[in-house]
Undergrad: 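First the structure, then my questions, so here it is.
Note on naming: letters A, B, ... go to the chains in the order of the sequence lines (proteins, then strands), and numbering restarts at 1 for each one.
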Amino acid sequence: MALVGGRGCSKIRGSQIRELLDSKHNVLFDCDGVIWNGETVVTGAPEVVTLLKQQGKKVFFVTNNCTRPRANYVTKFARLGFTDVGEEEIFSSAYCSAAYLRDVAKVQGKVYVIGCQGVVKELMEAGVPIVDEEAEGAQTGTIYDYPLDPDVKAVLVGYDEKFNFIKLAKACCYLQNPECLFLATDPDPWHPLRGGRITPGSGSLTAAVETASSRVATVIGKPSRFMFECIASQFEGLDPGRSLMVGDRLETDILFGAKCGMDTMLTLTGVSTMEEARGYMDSHDPDSGDFVPDYVVESIADFIEAYEEKEEREEEQG
Amino acid sequence: MAVSKCTLLTGPLIKQLLDSVDTVLFDCDGVIWRGNQAVPGAADVIDLLKKNGKRVFFVTNNSSKTRKMYAEKMKTMGFDAKEDEVFGTAYCTAMYLKTVLKLEGKVYLIGNNAMKEELENVGIQHTGTGPDLIFGTPSDWANVPLDPEVKAVVVGFDNDFSYMKLNRAMQYLSNPDCMFVGTNNDTRLPLEGGKVVPATGCMVKAVETAAQRPAQVVGKPSPFIFDCVASRFKLDGARCLMVGDRLDTDILLGSNCGLKTLLTLTGVSTLADAEAHQRSGSPQRLVMVPDYYVISIADLLPALQG
């Protein structure tokens, strides 16, 4: 059966998946809702990763989740049954934000961070100097007289469960200087937890800082292209035309794939639904095309079936 | 009738304008005071307007003071103002919940003691004010216990704003029947001296983003804040003058409600801002062009004294 191309929201399985994967060198996976949901692995995901690597594909993990540093991600992968995932294959928005500050913006000075330990650790690992909020005197003062660090040259906003008014005020003050950079790890307004529950995301905190400062943040995470450029800078010859982006969120993963020139695949084990995908497809809005996945699968576990079928046919042919 | 706009109010025009209105509504910050300093001549302007038989009201987006607190502040600064002449958003939001939304139930409040008091004054129960620190795991946050009596989330100025408060608001708002009200959308407090203080608009925006729902905003330029005054005092918009320093709140409110508008240049917006809106030709911007402008409201004195 011929493979239907273009942004057609085509549900594929079996040999269609096999054909698609044969034409790709690289597969990029989002994590939450694709290979795991919280602490529960998506059944078959570890086998899929191993299978793809056996087929000679490069596999990358591209996540907006900035709550843990890469080393912790490696442990999580191992804990959930993935036997062969290395730190160098994991690209989180926190890691990429640190890389951006160090290698692209080449910031000379300190970064004022609104972020959880996951964000702070990546900056420290990358050698990016940050304002030490734990230092004596940093936490004192009211909204009218708290201390400001004169060396701050950038503000980074990420997921921060300790976000409060003073942090918002400090960020806003630093951003009064037009030379001070303004970055956000990711735009996600909320994050899904298991069982359909949600918690506020980095995007809602960034919205507060943008409103206070009347400035727009440069967003590192999907759907911005930067995370792809970060991967490409470390893996020469990464061709978007030979890469497949697999995700569960149309507004981040699929849009990201489209913007980077990759084919996109929506898996239905996470946030977005087939109805929502079709909604974008049927929309008259000229921009909605980029939200429509090329392909759709129920779960990435369907990849396993694709390879088994081929093996069975090869056995039959003798 | 097309009237030329953004005209300098001077000479005989001042008396002409004042004779055409019965009521003058003043914004506070940047108009009659700046921080804790009264604008020179402002108190006299208000006195003389009243002596000339005009009714005077004060309309402010600030949600941190009750009407009583405002009246007291104004007295200390030398202004003659009674409690029922002042309309701040703490009071107007309580009135909006009571008379327009006809709220029956509790409010999940992100706000301050003034809002607390104004809500209690109209008999609306709320969840309180003060710090709300994070505890536990993300799963605890997502499953935070919700008070079944809460029927509305209300966001005003709160310098104890925190991730946990944002989280609770978002959880309540996942019920589409839960109402969502913000006191105002101002982005920064008008403070002098370097430090920039974020205002309620930031907190409203954070909750709107997390909840993926827009808030109903009570303060300028929403017409409700004018309706709040007009319905109580039976005002005729065509015989009212709105005096303010911000094109996107004060002047826009005036336009939205059919009032005459006067921009004073002692605050946020500049004459260049007004003229840029005028030249733009865009309908959304033309409504922010004032009918008249003065350098300071003290410029009204000669006409009032004469």
Undergrad: Inspect the contact between B/E72 and B/K65 and indicate whether a charged nitrogen and a carboxylate oxygen are less than 4.0 angstrom apart.
TA: no
Undergrad: Where does A/Y159 contact chain B at under 4.5 Å (heavy atoms): side chain, backbone, both or neither?
TA: side chain
Undergrad: Is the terminal nitrogen or CZ of A/R70 (NZ for Lys, CZ for Arg) located under 6.0 angstrom from the six-membered ring centre of A/Y95 and within 45° of that ring's axis?
TA: yes
Undergrad: Can you tell which part of A/L193 gets under 4.5 Å to a heavy atom of chain B, answering side chain, backbone, both or neither?
TA: side chain
Undergrad: What part of A/D188 gets closer than 4.5 Å to chain B, counting heavy atoms only: side chain, backbone, both or neither?
TA: neither
Undergrad: Tell me, side chain or backbone of A/L175 under 4.5 Å from chain B's heavy atoms, or both, or neither?
TA: neither
Undergrad: B/A114 and B/M69: which non-hydrogen atoms are nearest, and at how many Å?
TA: CB-SD, 4.3 Å
Undergrad: Step by step, work out the salt bridge (charged side-chain N to carboxylate O under 4.0 Å, His left out) result for B/R246 and B/D248.
TA: CA-CA 6 Å; B/R246 277 191 80 129; B/D248 59 348; 3.0 Å; yes
Undergrad: Tell me, out of A/G38, A/P200, A/P189, who's got the most heavy-atom pairs with chain B below 4.5 Å.
TA: A/P200
Undergrad: Considering only heavy atoms, which portion of B/Q171 lies under 4.5 Å from any heavy atom of chain A: side chain, backbone, both, or neither?
TA: side chain
Undergrad: Would you mind telling me which of B/N185, B/D27, B/L252, B/N184 makes a side chain to side chain contact (heavy atoms under 4.5 Å, CB included) with B/K220?
TA: B/D27
Undergrad: Pick one of side chain, backbone, both or neither for A/S213, based on which atoms fall under 4.5 Å of a heavy atom in chain B.
TA: backbone
Undergrad: Measure A/L205 against the heavy atoms of chain B and call it side chain, backbone, both or neither at under 4.5 Å.
TA: side chain
Undergrad: Checking side chain to side chain donor-acceptor pair (under 3.5 Å) between B/N61 and each of B/D186, B/T183, B/T249, B/T200, which is the one that passes?
TA: B/D186
